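Fair warning: this is a prediction, and the values are worked out from it, not measured in the lab.
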Amino acid sequence: MSKKIKSPEVDHLFEAILALKDKDECYRFFEDLCTVNELQSLSQRYEVASMLSEKKTYLDIADKTGASTATISRVNRALNYGNDGYSLILDRLKKGV
């Protein structure tokens with residue numbers, strides 16, 4: 001867990017997210033919480049992580065997602081040297097958990 005972001009306010013936000021029950025509630029909450037651009041950026045990073053985990057090339061990822069090579073590199077660094085958050089979710093979704 002990153003000590004850089006840990007705070008009571010972030011805990012409160014995460015508790016709110018964990019209280020969401022379905023995709024519709026996620027849409028409603030995140031549309032209120034984030035700008036369209038913020039949400040698109042988050043979803044783009046997640047798509048990049050998914051494609052990197054499938055061993056897609058930077059060129060393929062950039063073509064499909066529109067992400068810059070800097071964004072792809074940043075996500076790749078997080079996958080390889082981060083807190084394993086992307087891997088946790090990608091593995092869990094592959095297993096259908």
Side-chain angles (χ1 to χ4, degrees):
M1 177 172 23
S2 176
K3 293 177 182 162
K4 294 177 193 173
I5 66 167
K6 180 122 176 81
S7 73
E9 295 82 9
V10 174
D11 284 351
H12 195 212
L13 171 64
F14 291 164
E15 288 165 9
I17 292 168
L18 290 169
L20 297 168
K21 293 185 174 120
D22 57 32
K23 199 180 298 186
D24 182 58
E25 288 186 4
C26 286
Y27 270 100
R28 291 169 56 197
F29 179 70
F30 280 96
E31 283 184 54
D32 285 349
L33 181 66
C34 301
T35 65
V36 171
N37 286 340
E38 289 168 337
L39 205 47
Q40 288 172 337
S41 291
L42 291 171
S43 62
Q44 181 187 64
R45 285 184 216 139
Y46 180 73
E47 285 302 312
V48 168
S50 179
M51 293 180 76
L52 284 167
S53 75
E54 295 169 355
K55 307 296 186 214
K56 303 289 185 190
T57 67
Y58 275 34
L59 184 58
D60 288 340
I61 295 168
D63 285 345
K64 182 169 187 303
T65 66
S68 68
T69 55
T71 296
I72 298 167
S73 180
R74 180 174 178 250
V75 171
N76 193 45
R77 192 168 41 255
L79 275 169
N80 291 310
Y81 306 108
N83 293 311
D84 295 325
Y86 282 124
S87 298
L88 173 77
I89 295 301
L90 292 168
D91 290 346
R92 193 170 286 168
L93 291 175
K94 279 182 192 171
K95 293 175 185 173
V97 177

Residues Val75, Tyr46; criterion side-chain contact (heavy atoms from CB on, under 4.5 Å); working and verdict | CA-CA 8 Å; Val75 171; Tyr46 180 73; over 6 Å; no
Does OH belonging to Tyr27 count more than 12 external heavy atoms closer than 6.0 Å?
->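 Open.
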If I take atom [atom1] from residue [X] and atom [atom2] from residue [Y], how far apart are they, to the nearest 0.5 angstrom?
{"X": "Leu39", "Y": "Cys26", "atom1": "CG", "atom2": "SG", "result": "10.0 Å"}
{"X": "Glu47", "Y": "Ile72", "atom1": "CD", "atom2": "CD1", "result": "12.5 Å"}
{"X": "Leu93", "Y": "Leu88", "atom1": "CG", "atom2": "CG", "result": "9.0 Å"}

Output all residues satisfying side chain to side chain contact (heavy atoms under 4.5 Å, CB included) with [X], sequence neighbours left out; order by chain, then residue number.
{"X": "Asn80", "value": "Asn76"}
{"X": "Ala78", "value": "Tyr86"}
{"X": "Thr57", "value": "Leu59, Asp60"}

Note, Lys6 side chain near Asp11 side chain (heavy atom, < 4.5 Å) |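 Result yes, sub-4.5 Å side-chain heavy-atom pair found.
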Would you indicate whether the side-chain heavy atoms of Leu52 and Tyr58 approach each other to under 4.5 Å?
->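 Yes. Closest side-chain heavy atoms under 4.5 Å.
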Derivation of the side-chain contact (heavy atoms from CB on, under 4.5 Å) call for Arg45 and Ser41 | CA-CA 6 Å; Arg45 285 184 216 139; Ser41 291; 4.0 Å; yes
Applying side chain to side chain donor-acceptor pair (under 3.5 Å), name anything that partners Ser50, two or more places apart in sequence or on another chain.
->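 Scan of Ser50 (side chain to side chain donor-acceptor pair (under 3.5 Å), adjacent residues dropped) gives none.
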Over all atoms of both residues, closest heavy-atom pair of Leu79 and Ser87 =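 Closest approach of Leu79 to Ser87, heavy atoms only: CD2-OG, 4.1 Å.
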Between Lys94 and Ser53, which heavy-atom pair has the shortest distance, and what is it?
->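 For Lys94 versus Ser53, the nearest heavy atoms are NZ-OG, 4.3 Å.
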Could you give the side-chain donor-acceptor pairs of residues 14-23 under 3.5 Å, partners two or more places apart or in another chain?
from: Asp22; atom 1: OD1; to: Asp24; atom 2: N; distance (Å): 3.2
from: Asp22; atom 1: OD1; to: Glu25; atom 2: N; distance (Å): 2.8

Among pairs that include at least one residue of residues 61-74, which meet side chain to side chain donor-acceptor pair (under 3.5 Å), considering only residues two or more places apart or in two chains?
->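 Non-adjacent pairs meeting side chain to side chain donor-acceptor pair (under 3.5 Å): Ser68-Thr71.
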